[in-house]
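The next block holds one structure in the form of structure tokens; read it before the comments.
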Amino acid sequence: MEITLHNTQSGQRERFEPLVPGEVSVYVCGPTVYDLQHIGNGRPAVIFDVLVRLLRLAYAKVTYVRNITDVDDKINAAALESGESIAAHTARYAAKYLEDVAELGVLPPDVEPRATGHIEPIIAMIAKLIDIGHAYEAEGHVLFHVPSDPLYGTLSKRSLEDMRDGARVEVAPYKKDPKDFVLWKPSTPELPGWDSPWGRGRPGWHIECSAMIRTHLGPVIDIHGGGSDLAFPHHENESAQSRCVNGGTPSVRYWLHNGMLTFGGAKMAKSVGNVVTIRDLLDRHGGEALRYALLSGHYRQELQWEESLTHAERSLDTLYQALRDTDDGGNDTAASYSTAGADTFPEDVLDALCADLNTPRALAAMHALAADLHRAEDDDSVRALRTALLAGGWLLGILTKSPQEHFQGMAQDATVERMIEERNAARAARDFARADEIRDDLAARGIQLEDTSDGTRWRRT
RNA sequence: GGCUGGAUGGCAGAGUGGUUAUGCAGCGGACUGCAACUCCGUUCACGCCGGUUCGAUUCCGACUCCAGCCUCCA
């Protein structure tokens, strides 16, 4: 199984090979938890969840770390406004984030580190950067000196001159160079702070990821993922400081960046005001439909979020319908294939995912399997195709429910069953007017009937 | 202004130097008491202008437009 991935560092698609044969380390930038997360924040969670599922098939050991940023100026402001303590505020929104992405079918990472739990390694890294001449202290701040790193800018492909042109930030007077960024900054008594060689303060944004990566995965990792909006300055800075601490060895071998979700022609972002929270969407749609919608575009492309999720819901119905029509009474779902061997998984789905995580092509392959399953006539073919479809579903994180649950929900509905019986009695008596009346009545209540050779079944619409 | 990426059928969205993406929707047919589900068939396409080529949606160049980043941001 050969996996190719587009590496932002090289700007090209490369064959993936882990540093240590058979072992893969993955780090993904998680959210800053000061508010509810919107569906755009859900995209990397889902994308990299699929990547990790794929990697686990190909490699014996995969360690996946996704952080939670719980110290940040926005958090401080939000907590102040809500009147609760900063710790309580972040704990609340971190919990909500984890619930949200769980609903999207995202498996928990192996480690979910928080910035506030890693102050020691952060301070150690900063001290090292000062030691080796890449950082300096000024007025209680510690800053990374960008001109000290000749490779700065190579990840996000911009020269120092380009940035000077675009500089719109107010330059703090204590900076040696306008591009220098903060590693450590002083805190006032009411703000979160930790003692350090440079006084009581808190870490800058970028250093936390570098320190957490180093702590949990070591000085060099295989894959680092995140949104394309993080490439600069966050990842550029992270890359610079970690590389310098490593004595010149890059800390990340493959940089992966997902494209932005757009809504109404612009990037979905709080500052634009066009966000839809995951929680809000979950009130009206299944998490699985949201996941399908997120996977329907290639991760590197921009994806247009639509008001209506009908496309995703109908598409998902088609896949479930194939399973429903061939249901043999067993209880297997995609979840049954979580530990299956690589040869269990359908080749077309696997190939698509191995090609830089081409989820739209993988979904097309799923639909091809569903169509084949519908057409299959002998039991062996049906069994093989069901297995293939469900196994593919596991990789993509869909088809995790029984068709019954998907179409009818968990609740029993005795009234519906009774009305179906009554309608079938009318049909037997060729009283079609009465039969249609019952069917219309059910339709008005969101119940769609399907008469099959095995009897009448129903689904919620 | 600089850098990056894009422009594909009604909508979403892959891919390819010559051959069906796929899904949703539409249309015709089969099945059905009629529907629904499903199956079969089918309409609709590659921003614009040049170039390379036997042949370009696919490669090259110009242009137009769009998005992202350059500030917190998934």
Side-chain angles (χ1 to χ4, degrees), chain A residues 8 11 28-32 34 37-48 66 69 72-74 77 153 156-159 161-170 179 205 225-234 236 257-262 265-272 275 292-293 295-306 308-319 321-322 324-325 352 355 358-368 370-371 373-375 407 427 430-433 435-436 439-440 443 447-453 456-459 461:
Chain A
T8 306
V28 171
C29 285
T32 301
Y34 63 97
Q37 302 299 314
H38 59 74
I39 189 67
N41 299 301
R43 173 125 105 141
V46 168
I47 290 294
F48 293 111
R66 188 189 61 207
T69 296
D72 170 272
D73 288 347
K74 273 190 185 165
S156 58
K157 316 257 186 299
R158 57 194 79 200
S159 66
E161 291 71 33
D162 292 342
M163 286 180 277
R164 191 166 293 129
D165 291 340
R168 275 182 270 160
V169 228
E170 203 173 319
K179 286 173 294 298
W205 177 32
S228 61
D229 54 351
L230 295 183
F232 188 90
H234 183 52
E236 189 70 60
H257 289 101
N258 63 273
M260 297 293 101
L261 214 62
T262 60
K267 172 187 171 181
M268 187 179 284
K270 283 221 175 71
S271 53
V272 182
V275 298
Y292 189 104
L295 292 176
S296 67
H298 182 81
Y299 79 93
R300 298 190 56 231
Q301 296 314 126
E302 197 168 86
L303 181 68
Q304 296 186 40
W305 190 253
E306 293 176 276
S308 161
L309 280 162
T310 306
H311 287 178
E313 286 172 337
R314 290 288 83 78
S315 300
L316 206 47
D317 283 349
T318 301
L319 298 180
Q321 196 77 50
R324 185 192 204 197
D325 284 339
N358 194 328
T359 54
R361 219 174 90 197
L363 288 172
M366 291 290 282
H367 281 278
L373 179 53
H374 273 304
R375 281 190 293 258
F407 287 114
R427 289 172 71 210
R430 303 196 68 77
D431 181 359
F432 296 122
D436 290 350
R439 185 169 63 195
D440 292 345
I447 305 289
Q448 171 78 57
L449 298 187
E450 293 171 19
D451 294 325
T452 75
S453 51
T456 301
R457 65 188 184 189
W458 62 275
R459 50 177 286 196
T461 52

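Values below: every heavy atom of this structure, side chains too, minus hydrogens, waters and symmetry copies. Throughout, a chain's letter reflects where its sequence line sits, starting with A, and its residues are numbered from 1.
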Mind checking whether A:Phe48 and A:Arg66 have side chains closer than 4.5 Å, heavy atoms only?
no
Earlier contact from the 5' end, RNA chain B, for A:Ala364 and A:Ala355
A:Ala355
Upstream residue (5' side of RNA chain B) when A:Arg324 and A:Leu303 are each assigned their closest nucleotide
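The answer here is A:Leu303.
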Indicate, with a heavy-atom threshold strictly under 4.0 Å, whether [X] touches base, sugar-phosphate, or nothing.
| X | value |
| --- | --- |
| A:Glu313 | nothing |
| A:Lys157 | sugar-phosphate |
| A:His38 | base |
| A:Gly42 | nothing |

Verdict with supporting geometry, A:Arg314 and A:Asp317, side-chain contact (heavy atoms from CB on, under 4.5 Å):
CA-CA 5 Å; A:Arg314 290 288 83 78; A:Asp317 283 349; 2.8 Å; yes
Rounded distance (Å) that lies between atom [atom2] of [N] and atom [atom1] of [X]:
| X | N | atom1 | atom2 | result |
| --- | --- | --- | --- | --- |
| A:Asn358 | B:rU16 | CG | C1' | 13 Å |
| A:Asp72 | B:rA74 | CG | C1' | 14 Å |
| A:Asp229 | B:rC70 | CG | P | 8 Å |
| A:Tyr34 | B:rA74 | OH | P | 6 Å |

Donor-acceptor pair, A:Asn258 side chain versus A:Arg300 backbone, under 3.5 Å?
no
Does B:rC69 pair with anything, Watson-Crick or G-U wobble, both distances under 3.5 Å, and if so, with which nucleotide?
B:rG2
Protein N or O to nucleotides 28-33 of chain B N or O, pairs below 3.5 Å:
from	atom 1	to	atom 2	distance (Å)
B:rG33	O6	A:Arg423	NH2	3.4
B:rG33	O6	A:Arg427	NE	3.4
B:rG33	N1	A:Asp436	OD1	2.9
B:rG33	N2	A:Asp436	OD1	3.3
B:rG33	N2	A:Asp436	OD2	2.6

Decide salt bridge (Lys or Arg N to Asp or Glu O under 4.0 Å) for A:Lys179 and A:Glu236; before the verdict, give the C-alpha distance in whole Å, the side-chain angles of both, and the deciding distance to 0.1 Å.
CA-CA 12 Å; A:Lys179 286 173 294 298; A:Glu236 189 70 60; over 6 Å; no
Ignoring backbone atoms, establish whether A:Thr318 has a side-chain N or O less than 4.0 Å from OP1 or OP2 of B:rG23.
no
